[in-house]
Number of protein chains: 2
Amino acid sequence: MTTTTRGRIDKRQAILEGAFTVFAREGYAQACVQEIAREAGVAKPTVYNHMTDKATLFRHALEAAARRILEERVAALEPLAAPGDDLRATLEEVAHTLLRLHTDGRSCALRRLLYSEINHFPDILDIVKESGPDRLTHALADRLARLALAGRLRAADPDLAAEQFLALLLGPLEARTRLGTRELPDAELRTMAGVAVDAFVRAWGTAAA
Amino acid sequence: MTTTTRGRIDKRQAILEGAFTVFAREGYAQACVQEIAREAGVAKPTVYNHMTDKATLFRHALEAAARRILEERVAALEPLAAPGDDLRATLEEVAHTLLRLHTDGRSCALRRLLYSEINHFPDILDIVKESGPDRLTHALADRLARLALAGRLRAADPDLAAEQFLALLLGPLEARTRLGTRELPDAELRTMAGVAVDAFVRAWGTAAA
DNA sequence: CCTCTTTTGAACTCATGGGTTCAACATAAT
DNA sequence: ATTATGTTGAACCCATGAGTTCAAAAGAGG
């Protein structure tokens, strides 16, 4: 019975992953359940055996993908918990990691799906909400607040600082990656992280940093 | 013959506008030509009399909408051509106008359509390219370069300055408008313009400004 | 060997929608 | 009036795809 359950869980996972892949490639309306089943290595009725609808399949697939992506992003802030003497270097490291994660194929796909289906599925925003920029911004604001207390950043609104840090870092991505359709070489990511941190430190740094 | 031609042009315009409206509301795949025709106040065969395909209809509709939107945005930079004594005030005015334009329904719709159909229509990015952030960034960079020459901004890379100005200004929009699905009160737009300009001036300003 | 659950493939129903055809109609120019 | 062009509505053909049904396998537990 254990193996049976495992088997079921495996199928479910495969279905969710295959669904995300196909939805990402085709969009919601164009994706057909037949193809999702094929991608997941499963028969079509099996899909309907786990999910009632194409719509709920979509929601669950998005949720699963968003959860994975969220974990990576928040983990990327870790170095800020114990920044070394060189704050700028730590910021650049975090910035670079965030850029890499943000330009990842799955991230771009999720982003595109959110934008395209937000009209037909207004609730997906809430499903993904916590995983979206919000939780990342809050986690970053927490880190920055500690730095401000230590006198290494301006003591003003850390939420605003976090928002602007992410804006400086991620804003230019849209144009440079052509809405997420182009890969960026790692060297360019480093440069982008550098200039973003430069501007951020000029706007939010203190002499002590 | 003149009136006949005018009539044809009017129908064509109506079709393009109706198409954009429906595509924006439904997405490409979900939008049906029947409904576009209804929205444009026209019969279905008339649509096919002007456009060969649903696909080319989509492209033309996007192009027309993008052109309109572009004009507004570049025009919004006008005050920077002759900035008054108070550079910060001029920047805030421009910033506020850009925010208003960027949160406009048509702008958001265009943005969503780009994101959602970029996979099926890789060429729409080129069609809209000039109208996209690129041309705006360049136009802004030109203005900022003049200001730098006048000693009112850092003399470093004006393209980077423009990129970061727009990032600081527009980056926070995504989260605040919930991907363009929520209206923002004008007061919030003013506040956002203010804090973005503050940070920008701290990062790029000179004593002379 | 028997049983219960799950999976599978194939065929099926049914709705939607792209694109076309056609005959009737409107309009304006000659 | 006649002719040419454009529009219209309705009906039509045809492909696609969601969701279901079913009988046959496949696998685990007893």
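Hydrogens, waters and symmetry mates play no part in the numbers below; they use all other heavy atoms, side chains included. Quick note on labels: first sequence line is chain A, next is B, and so on, each numbered from 1.
- If you measure from atom NE2 of A/H50 to atom P of D/dG19, you get 16 Å, rounded to the nearest angstrom.
- Residue B/S107 forms a side-chain contact (heavy atoms from CB on, under 4.5 Å) with just one option from B/R100, B/H102, B/R73, B/E72, and that option is B/R73.
- Close to C/dT5, at under 4.0 Å from its OP1 or OP2, lies no side-chain N or O of A/K11.
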Encode nucleotides 14-19 of chain C as B, S and - characters from 5' to 3', where the letter depends on protein heavy atoms closer than 4.0 Å: B to the base, S only to sugar-phosphate, - to neither. ---SSB
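- Salt-bridge formation is detected for the pair A/E163/B/R176: a Lys NZ or Arg NE/NH1/NH2 atom is positioned less than 4.0 Å from an Asp or Glu carboxylate oxygen.
- Ion pairing between B/D126 and A/R178 holds under the 4.0 Å rule for side-chain N and carboxylate O.
- If you measure from atom CG of A/N49 to atom P of D/dG19, you get 15 Å, rounded to the nearest angstrom.
- Which of D/dT7, C/dT21, C/dT7 sits closest to the side chain of B/P45 comes down to C/dT21.
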What verdict does the side chain to side chain contact (heavy atoms under 4.5 Å, CB included) test give for A/R143 and A/V94, after you've listed the backbone C-alpha separation in whole Å, the side-chain angles of each residue and the deciding distance to 0.1 Å? CA-CA 12 Å; A/R143 307 294 189 202; A/V94 170; over 6 Å; no
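- One can place CG of B/D10 at 11 Å from P of D/dT7, the figure rounded to the nearest angstrom.
- Look at CZ on B/R38: it is 19 Å from P on D/dT7, rounded to the nearest Å.
- Heavy atoms of other residues, nucleotides or ligands lying less than 6.0 angstrom from CZ of B/R25 number more than 12.
- In this structure, B/F23 and B/Y28 have parallel ring planes: the angle between them is below the 30° cut-off, well short of the 60° mark.
- Atom-to-atom, CG of A/L57 to P of D/dG17 comes out at 16 Å; the value is rounded to the nearest Å.
- Rounding to whole angstrom units, CD of residue A/E26 and C1' of D/dT16 are separated by 13 Å.
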